Amino acid sequence: MATFMTSGLAACIIIANDLVAKAHMSFMVRPTILFAKGEEAKKRILDSKEFKKAHSLQMNTAEYAPGMVAMLLYCQAKGIQSPVAATLAVTGSLGYYWIQKIVGNGPIGAPFHIMRFVSIAMLIKTVYDSL
């Protein structure tokens, strides 16, 4: 039997993942820029593949998380369960960030990106139906 999660749990997991992405950028990546010796060294860091990847992933997470979390918390507050959408939202969010962070950018992230789109569409319908 498949196990799905509640909307409230999904919201907490997604916002925690967003916090981890922000913390990684703030405490692991940005200090290398702050402590770089000279403008040329800073430019090399900013132009590096590693910086661009970390920045892109963090911004992508920051873009998707708020809308999903708002709809998930709305469902939780109203007592509406949308377990498939909640599970897809978490799997898509964590999968997209961590797979691309570990393995690298590319088509490997596509299934997780699609999961996020599907979960958002399902959540929009769920919220709209409750109005």
Side-chain angles (χ1 to χ4, degrees):
M1 180 174 175
T3 303
F4 298 103
M5 62 182 62
T6 65
S7 299
L9 178 59
C12 290
I13 292 170
I14 290 169
I15 204 69
N17 187 61
D18 189 48
L19 178 63
V20 168
K22 286 174 177 19
H24 176 261
M25 196 68 189
S26 295
F27 301 117
M28 300 297 289
V29 177
R30 293 213 187 272
T32 62
I33 298 164
L34 294 173
F35 298 113
K37 295 187 185 334
E39 291 302 313
E40 193 139 327
K42 286 181 185 179
K43 183 166 177 20
R44 272 195 311 276
I45 294 167
L46 291 171
D47 291 340
S48 72
K49 183 179 176 182
E50 295 80 18
F51 177 83
K52 289 179 179 180
K53 177 178 157 184
H55 182 262
S56 172
L57 283 172
Q58 189 269 318
M59 293 300 289
N60 190 277
T61 299
E63 179 182 349
Y64 278 88
M68 286 191 292
V69 168
M71 289 187 286
L72 288 163
L73 289 176
Y74 173 88
C75 290
Q76 185 70 25
K78 292 287 192 175
I80 303 164
Q81 289 307 315
S82 190
V84 174
T87 303
L88 284 173
V90 168
T91 305
S93 294
L94 272 66
Y96 186 83
Y97 181 81
W98 290 102
I99 289 293
Q100 297 218 52
K101 179 157 180 38
I102 294 165
V103 177
N105 294 346
I108 194 163
F112 300 104
H113 200 57
I114 292 167
M115 286 181 202
R116 290 190 301 184
F117 275 117
V118 171
S119 70
I120 290 169
M122 292 173 76
L123 288 166
I124 289 169
K125 179 164 180 5
T126 301
V127 169
Y128 180 77
D129 289 348
S130 76
L131 300 176

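These numbers come from a predicted model, not from an experiment.
- Legend: residues meeting side-chain hydrogen bond (donor to acceptor under 3.5 Å, both in side chains) with Lys43, ordered by chain and number and at least two apart, are Asp47.
- To the nearest 0.5 Å, atom CE of residue Met122 and atom CZ of residue Phe117 are 15.5 Å apart.
- Trp98 and Leu88 fall within the same hydrophobic cluster, where Ile, Leu, Val, Met, Phe, Trp and Tyr residues are linked whenever their side-chain heavy atoms come under 4.5 Å apart, directly or through other members.
- One hydrophobic cluster, built from ILVMFWY side chains closer than 4.5 Å, cannot hold both Ile45 and Phe35; they sit in different ones.
- One hydrophobic cluster holds both Met115 and Ile102 under the rule that ILVMFWY side chains link at heavy-atom gaps under 4.5 Å.
- For Lys52, there are no side-chain hydrogen bond (donor to acceptor under 3.5 Å, both in side chains) partners, not counting sequence neighbours.
- Atom SG of residue Cys12 and atom CG of residue Leu19 lie 12.0 Å apart, to the nearest 0.5 angstrom.
- Clustering ILVMFWY residues whenever any of their side-chain heavy atoms sit less than 4.5 angstrom apart, transitively, puts Phe27 in a cluster other than the one holding Val29.
- By the 4.5 Å heavy-atom criterion applied to side chains, Lys37 and Lys42 are not counted as neighbours.
- Summarising the geometry of Tyr74 relative to Ser130, their closest heavy-atom pair is OH-OG, 2.8 Å, with the distance given to 0.1 Å.
- Qualifying ring-ring contact (aromatic ring centres under 6.0 Å, His included) partners for Phe51, counting only residues two or more places apart in sequence or in other chains: His55.
- Once rounded to the nearest 0.5 Å, the distance linking OG1 of Thr91 with CE of Met5 reads 6.0 Å.
- A single hydrophobic cluster is not seen to contain both Leu46 and Leu34; linkage of ILVMFWY side chains at heavy-atom distances under 4.5 Å, directly or through other members, places them apart.
- Residues Ile13 and Asn17 fail the side-chain proximity criterion, which asks for heavy atoms closer than 4.5 Å.
- No donor-acceptor distance shorter than 3.5 angstrom exists from the side chain of Lys101 to the backbone of Ala54, with no hydrogens or angles considered.
- Shown here for Ala11 and Val69, the closest heavy-atom pair between the two residues is O-CG2, 3.8 Å.
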Which pairs of donor and acceptor atoms, one on a side chain in residues 58-66, lie under 3.5 Å apart (sequence neighbours left out)?
from: Asn60; atom 1: OD1; to: Arg116; atom 2: NH1; distance (Å): 2.9
from: Asn60; atom 1: OD1; to: Arg116; atom 2: NH2; distance (Å): 2.7
from: Thr61; atom 1: OG1; to: Leu57; atom 2: O; distance (Å): 3.0

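- Scanning both residues, Cys75 and Ser7, for their nearest heavy atoms gives CB-OG, 3.7 Å.
- We find the CG-CD1 distance between Leu9 and Ile14 to be 9.5 Å, quoted to the nearest 0.5 Å.
- For Ser26 (side chain) and Ala23 (main-chain N/O), no donor-acceptor pair under 3.5 Å exists by modelled atom type.
- Of the inter-residue distances, the one linking Ser119 atom OG with Ile114 atom CD1 reads 12.0 Å to the nearest 0.5 angstrom.
- Shown here are the side-chain hydrogen bond (donor to acceptor under 3.5 Å, both in side chains) partners of Thr32, two or more places apart in sequence or in another chain: there are none.
- Annotation: the span from Met68 atom CE to Ile15 atom CD1 amounts to 9.5 Å, rounded to 0.5 Å.
- With sequence neighbours left out, Ser56 forms a side chain to side chain contact (heavy atoms under 4.5 Å, CB included) with no residue at all.
- Of all heavy-atom pairs spanning Phe4 and Pro83, the tightest one is CB-CB, 3.4 Å.
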